[in-house]
Peer 1: 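Okay, here's the structure, questions in a sec.
In what follows, chains carry the letters A, B, and so on, assigned in the order in which the sequence lines appear, proteins first and then strands, with residues in each chain numbered from 1.
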Amino acid sequence: MVEGNNQNTEEVKKSLNFIEVIVEKDLAEGKNNGKIQTRFPPEPNGYLHIGHAKAICMDFGIAQKYGGVCNLRFDDTNPVKEDVEYVDSIMEDIQWLGYQWGNVYYASDYFQQLWDFAVRLIKDGKAYIDEQSAEEIAKQKGTPTEPGKHSPFRDRPIEESLSLFEKMNTGEIAEGAMVLRAKIDMAASNMHFRDPIIYRVINHPHHRTGTIWKAYPMYDFAHGESDYFEGVTHSICTLEFVVHRPLYDWFIDELKTQRPEDGEYRPHQYEFNRLGLTYTVMSKRKLLQLVQEGLVRGWDDPRMPTICGYRRRGYTPTSIHNFIDKIGYTKYDGTIDVALLEHSIREDLNAKAKRVSAVLDPVKLILTNYPEGQVEMMEAINNPEDESMGSHEIAFSRELFIEREDFMEDAPKKFFRMTPGQEVRLKNAYIVKCTGCKKDENGNISEIYAEYDPATRSGMPESDRKVKGTLHWVSVEHSIPAEVRLYDRLFMVENPGDEKDKDFRELLNPDSLKILTNCRVEKELENVKVLDSFQFQRLGYFNVDPDTTPSKLVFNRTVPLKDSWSKIANK
RNA sequence: UGUCCCAUGGUGUAAUGGUAGCACACCUGAUUUUGGUUCAGCUUGCCUAGGUUCGAAUCCUGGUGGGACAACCA
C-alpha cells in the first residue's frame, strides 16, 4: 500500500449487509423521493423469540440508520390464533431491546379498505366466489410439477360473486362453505398464482374488531396492501416469503391501477435468512407446545429462546444486539452455534457485572489456628475490568463454606484447589494449607480442616507468595441462604436440525433445569434488585430471578464462565 | 419430471474482476488473588467441471448438493 493512507486503514470499516446496499442504492437514485419506511409485522399469536430480534434489528435498524421510520404493525388477520396478551408482550420486548416505533398499526385497521379492494377485483372479473370444499380446491390446485384445473365456479357471473361475497360477511355463510379467490393462472409454475384464496369465513370474535367481520383476508392479500396503505418502502421479511413476492407485486400492481395520484411510489419486498440456533427450537408452534404442555414454566422460562426468556436468564439488550450484529444477514439458511450467543453475553457482563461471592454446594472449612469469635472485614474488588466500580467488604471468620468440588482428598497433579498438604489462596483473604478432613459414616466429606498463615492476608507483603489455586468462600456466620437455578445450554440434547421427523419433545434434555437449594451467598446480596447481574466468582454470571421474595433469594445462571462449563455441567 | 433461492475453515460472515480477511469454536504460550479477563500465537476454507479474462470466490454455462413452494396459517 502507498504511504500516507493511514486514515483509511485506521477506521474500522464495517461492511454493509445486502439490504443496506439496496437501501443506499435506492437513496442514491432518489427512489420514493428519498423516503425510507419499514415495518415490523408480527402476528400476535405468541411471544417474540431471538429470531424476531434479528428481524427487529433489521427493520428498526434500517429506519434508524437512514433517517426513516419503522412502524409496528400487528398482522392480525386470523382471529382464531390471536390474542391481546401477545400484543402487550410484543410491545414490551421491542422496547426492552431499545427500539421505538413510529406508529402502532393493525392489519385489522384496513379491513374496510381491503374489502373495497376485493369488491373491485370481483367487479373487474379478477376474483370469484368458490363454493367448493377445501379438499376439492386443494385437489384441483395440482402439484409443483403438474398444472392445476379450473374451478367450476371460476367463470360465474360477477353479480353472483358480488352478492355471495356480501353474504360471506353477514353470518349467513358457514365457515368453509365458500371463499373468495383471485382469478390468476391455474397453470402457473408458482403455486401461489393458482387462484389464491384471498378471503375466508371465520366465526370467531376478533381481539380488536369483535364480531363486525365474518370474512377475513388472507396474509397474501393483506400484507402487501397494508404496506402500501402505510407508505412502506422496504418490506423486509424472511426467506420463506420469496415465493410470495410475485403475488405481493401482483396485488400492488392491481392497487396502483386505481391510484395514479401515488405516482412512482411502490413498496418492495426483500428477504433475508432466518436465525437457527443449535440445541433449541425456534418455531412459535413448538414454543407454544412447550408452554401448553407444561414442559417449561412459561414463555419466559430461561431455557426458552424467547426474548423474555433471555431477559429473565440475565441477557442484556446490548448482548443481543452484539450477537445479531455478529451473525449478519444473508440468503443462506444456516444454524448458528449457541456458543456465539453465549460469548456475546459474557463479553457484555464481563465488563459490567459486579463480582460477589457465593458457594453453590457448600462444605464447611475450619481454620483450626484462627481465633474463635474473631471476624475480619476483607476488601473485595467489585470489578477488575472497571476500577470505578469500587469495592465492598466481606466478613471472614474461623468457619467458612467452600465449594465441595474445590476439595479432593486424593488429587491428581493438575488439581489446583484444596487437598491435604497443598497451599491455596482464599480470595481476598489468606493463604491456607489443608491439614485434613472429617467424613461421615457414608464416607462423605463433612468438614475440612486447614491452617491459615497470618502473614499472607491480602495486601500484606507475604501475600505475594505464588500459589496455584484461588478459592471463593463465604463465612458460615455471615452468609445468607439462597436458591440457584442452573439452566443447561443443551436444552435439546441433540441439535434438532439434525433430526428431521423426530418429535422435538423427545430431544428435550431432562436435566436442562437444576435447582440448588443449599447455596450460600455473601451478605452484600441481601438487598439486590430483580434482574441485576453478578459474577459469582468462577461459577459464572447470575442474575436475581423475578421469583425472588424477601425471604428467599433466587438466582438464575445466565451463563457459566468460559471453561468451567463442562466441569460444572458434568456434576 | 416444474418454478424460485442458495453454496467461502468445525460454525457464522467479509472480500462485488486484482494478496481469501474477521468473529466464534479449538489448541499452544505469557500475565493474572476468578482454571475468568487480557495478550501473543497455531490449526482449518472458495461444492465441482468447463468457459470469458493478463487475472475469477466474484461474470457465463453444465453438473452436484441443500432449501422454499402443493394451509380456508402468517
Peer 1: In Watson-Crick or G-U wobble terms, both distances under 3.5 Å, what is the partner of B:U64?
Peer 2: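 B:U64 is paired, partner B:A7.
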
Peer 1: Using modelled atom types and a 3.5 Å cut-off, is there a donor and acceptor pairing between side-chain atoms of A:Arg355 and backbone atoms of A:Pro384?
Peer 2: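 Here the side-chain-to-backbone pair does not exist.
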
Peer 1: If you go through the side-chain atoms of A:Gln537, does one of them form a donor-acceptor pair with the base of B:G35 closer than 3.5 Å?
Peer 2: no

Peer 1: Between B:A14, B:C73, B:G36, which nucleotide gets closest to the side-chain atoms of A:Lys81?
Peer 2: B:C73

Peer 1: Using the side-chain heavy atoms of A:Thr470, tell me which of these nucleotides is nearest: B:A68, B:G35, B:C73.
Peer 2: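 For the A:Thr470 side chain, the nearest candidate turns out to be B:G35.
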
Peer 1: When the C1' atoms of B:C60 and B:G17 are considered, how many whole Å apart are they?
Peer 2: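 Their C1' atoms lie roughly 14 Å apart.
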
Peer 1: Between B:C22 and B:U61, how far is it from one P atom to the other, in whole Å?
Peer 2: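 About 33 Å, rounded to a whole number of Å.
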
Peer 1: Among the nucleotides B:U33, B:C6, B:G36, which one has an atom lying closest to any side-chain atom of A:Glu385?
Peer 2: B:G36

Peer 1: Does any donor-acceptor pair link the side chain of A:Arg346 with the base of B:G36 at a separation under 3.5 Å?
Peer 2: no

Peer 1: Remember a base hit wins even if backbone is also touched, and classify A:Met178 as base, sugar-phosphate or nothing at under 4.0 Å, heavy atoms.
Peer 2: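 The residue A:Met178 makes no contact with any strand.
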
Peer 1: Using the P atoms only, state how far B:A68 lies from B:A20, rounded to an integer number of Å.
Peer 2: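 Between the two P atoms, the distance is 35 Å.
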
Peer 1: Roughly how many Å is it from NZ in A:Lys331 to P in B:A68, rounded to a whole number?
Peer 2: 16 Å

Peer 1: OP1 or OP2 of B:C24 less than 4.0 angstrom from a side-chain nitrogen or oxygen of A:His343, does that happen here?
Peer 2: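 A:His343 to B:C24 OP1/OP2: side-chain N or O found under 4.0 Å.
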
Peer 1: A:Thr330 side chain: which of B:C72, B:C73, B:U13 is closest?
Peer 2: B:U13

Peer 1: So which nucleotide does B:C59 pair with, by the Watson-Crick or G-U wobble rule with both distances under 3.5 Å?
Peer 2: B:G51

Peer 1: Roughly how many Å apart are B:U31 and B:C39, using the C1' atom of each and rounding to a whole number?
Peer 2: 8 Å

Peer 1: Starting the side chain at C-beta, find the nucleotide from B:A71, B:A25, B:A23 nearest to A:Ala339.
Peer 2: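 The answer is B:A25, which lies nearest to the side chain.
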
Peer 1: Any side-chain N or O of A:Lys562 less than 4.0 Å from the OP1 or OP2 oxygen of B:A25?
Peer 2: yes

Peer 1: Fit a plane to each ring of A:Tyr105 and A:Tyr110, take the angle between them on a 0 to 90° scale, and name the class: parallel (under 30°), tilted (30 to 60°) or perpendicular (over 60°).
Peer 2: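 Ring orientation, 0 to 90° scale: tilted.
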
Peer 1: For A:Asn17, does its backbone N or O pair with a side-chain atom of A:Glu20 as donor and acceptor, under 3.5 Å?
Peer 2: yes

Peer 1: Side chain of A:Val242, heavy atoms from C-beta onward: which of B:U1, B:U32, B:C4 has the nearest atom to it?
Peer 2: B:C4

Peer 1: Counting distance alone, no hydrogens or angles: does the base of B:A74 have a donor or acceptor under 3.5 Å from a partner atom on the side chain of A:His244?
Peer 2: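 A donor-acceptor contact between them is present.
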
Peer 1: A:Ile19 has an atom CD1; how far is it from atom P of B:A14, in whole Å?
Peer 2: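 Atom CD1 in A:Ile19 sits about 12 Å away from atom P in B:A14.
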
Peer 1: Looking only at heavy atoms, what is the nearest atom pair of A:Glu522 and A:Val474, with distance?
Peer 2: N-CG1, 3.9 Å

Peer 1: Go ahead and name the base partner of B:G41; Watson-Crick or wobble counts if both distances stay under 3.5 Å, otherwise write none.
Peer 2: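 Checking every strand shown, B:G41 finds its partner in B:C27, with both distances under 3.5 Å.
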
Peer 1: What's A:Glu135 touching, base or sugar-phosphate or nothing? Going by heavy atoms closer than 4.0 Å.
Peer 2: nothing

Peer 1: Which listed nucleotide (B:G36, B:A74, B:G12) is nearest to the side chain of A:Asn350?
Peer 2: B:G36

Peer 1: In whole angstrom, give the distance that lies between atom CG of A:Leu539 and atom P of B:U37.
Peer 2: 15 Å

Peer 1: Are any of A:Arg194's side-chain N or O atoms less than 4.0 Å away from OP1 or OP2 of B:C69?
Peer 2: no

Peer 1: Please answer whether the main-chain N or O of A:Trp299 pairs with a side-chain N or O of A:Thr306 as donor and acceptor at a distance below 3.5 Å.
Peer 2: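 Yes; at least one donor-acceptor contact below 3.5 Å.
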
Peer 1: Side chain of A:Asp333 only, please: which of B:G67, B:A25, B:U34 is the nearest?
Peer 2: B:G67

Peer 1: What does B:G36 pair with, Watson-Crick or G-U, if both distances are under 3.5 Å?
Peer 2: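 Pairing partner: none.
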
Peer 1: Rounded to the nearest angstrom, tell me the gap between atom CG in A:Leu247 and atom P in B:A70.
Peer 2: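 It is 12 Å, rounded to the nearest whole Å.
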
Peer 1: Would you please classify the geometry between the A:Tyr248 ring and the A:His223 ring as parallel, tilted or perpendicular, with 30° and 60° separating the classes?
Peer 2: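 Ring orientation, 0 to 90° scale: tilted.
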
Peer 1: Please answer whether the main-chain N or O of A:Met282 pairs with a side-chain N or O of A:His49 as donor and acceptor at a distance below 3.5 Å.
Peer 2: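 Looks like yes, one N/O pair under 3.5 Å.
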
Peer 1: Using atom C1' of each nucleotide, how far apart are B:C46 and B:U58 to the nearest Å?
Peer 2: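 Per the computed distance, 10 Å lies between those C1' atoms.
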
Peer 1: Across the strands shown, which category fits A:Asn78 at heavy-atom distances under 4.0 angstrom: base, sugar-phosphate, nothing?
Peer 2: sugar-phosphate

Peer 1: Identify the nucleotide, in any strand shown, that forms a Watson-Crick or G-U wobble pair with B:G2, with both distances under 3.5 Å; if there is none, say none.
Peer 2: B:C69

Peer 1: What integer number of Å spans the P atoms of B:G62 and B:C6?
Peer 2: 15 Å

Peer 1: Scan A:Tyr332 against the nucleic acid and name what it touches under 4.0 Å (heavy atoms): base, sugar-phosphate only, or nothing.
Peer 2: sugar-phosphate

Peer 1: Base, sugar-phosphate, or nothing: which does A:Ser463 touch, judged by heavy atoms less than 4.0 Å apart?
Peer 2: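 The answer is base, as A:Ser463 lies within the cut-off (heavy atoms under 4.0 Å) of a base atom.
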
Peer 1: Between B:U64 and B:U11, how many Å separate the two C1' atoms, rounded to a whole number?
Peer 2: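 Between the two C1' atoms, the distance is 23 Å.
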
Peer 1: Can you check the A:Met282 CE to B:A74 C1' distance for me, whole Å?
Peer 2: 17 Å

Peer 1: Respond yes when some side-chain nitrogen or oxygen of A:Thr77 is under 4.0 Å from OP1 or OP2 of B:A74, and no when none is.
Peer 2: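 For A:Thr77, the contact criterion (side-chain N or O under 4.0 Å from OP1 or OP2 of B:A74) is met.
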
Peer 1: Which nucleotide, B:U34, B:G36, B:C73, lies nearest any side-chain atom of A:Arg200?
Peer 2: B:C73

Peer 1: How long is the line joining CE of A:Met418 and P of B:U33, in whole Å?
Peer 2: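 So the CE-P distance, A:Met418 to B:U33, works out to 18 Å.
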
Peer 1: Parallel, tilted or perpendicular: which one describes the rings of A:Phe534 and A:Phe536, with boundaries at 30° and 60°?
Peer 2: parallel

Peer 1: Closer to the 5' end of RNA chain B via nearest nucleotide, is it A:Asn273 or A:Lys414?
Peer 2: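 First, find each residue's nearest nucleotide; the 5'-ward one identifies A:Asn273.
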
Peer 1: For B:G35 and A:Arg538 - does any side-chain N or O of the residue sit under 4.0 Å from the phosphate oxygens OP1/OP2?
Peer 2: yes

Peer 1: Would you indicate, yes or no, if B:U32 has its OP1 or OP2 atom less than 4.0 angstrom from a side-chain nitrogen or oxygen of A:Lys466?
Peer 2: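 For B:U32, OP1 or OP2 has a side-chain N or O of A:Lys466 closer than 4.0 Å.
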
Peer 1: A:Ile327 has an atom CD1; how far is it from atom P of B:U11, in whole Å?
Peer 2: 16 Å

Peer 1: Between A:Ile202 and A:Lys141, which residue's closest nucleotide on RNA chain B lies nearer the 5′ terminus?
Peer 2: A:Lys141

Peer 1: Tell me which nucleotide among B:A74, B:U34, B:U11 gets nearest to the side chain of A:Glu43.
Peer 2: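 Of the candidates, B:A74 comes closest.
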
Peer 1: Among A:Val424, A:Asp453, A:Leu400, which residue meets the side-chain contact (heavy atoms from CB on, under 4.5 Å) test with A:Val432?
Peer 2: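 Per the side-chain contact (heavy atoms from CB on, under 4.5 Å) rule, the option paired with A:Val432 is A:Val424, out of A:Val424, A:Asp453, A:Leu400.
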
Peer 1: Would you kindly give the CD1-to-C1' distance between A:Ile197 and B:A71, to the nearest whole Å?
Peer 2: 8 Å

Peer 1: With rounding to the closest Å, how many angstrom separate the P atoms on B:U43 and B:C27?
Peer 2: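 Here B:U43 and B:C27 have their P atoms 16 Å from each other.
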
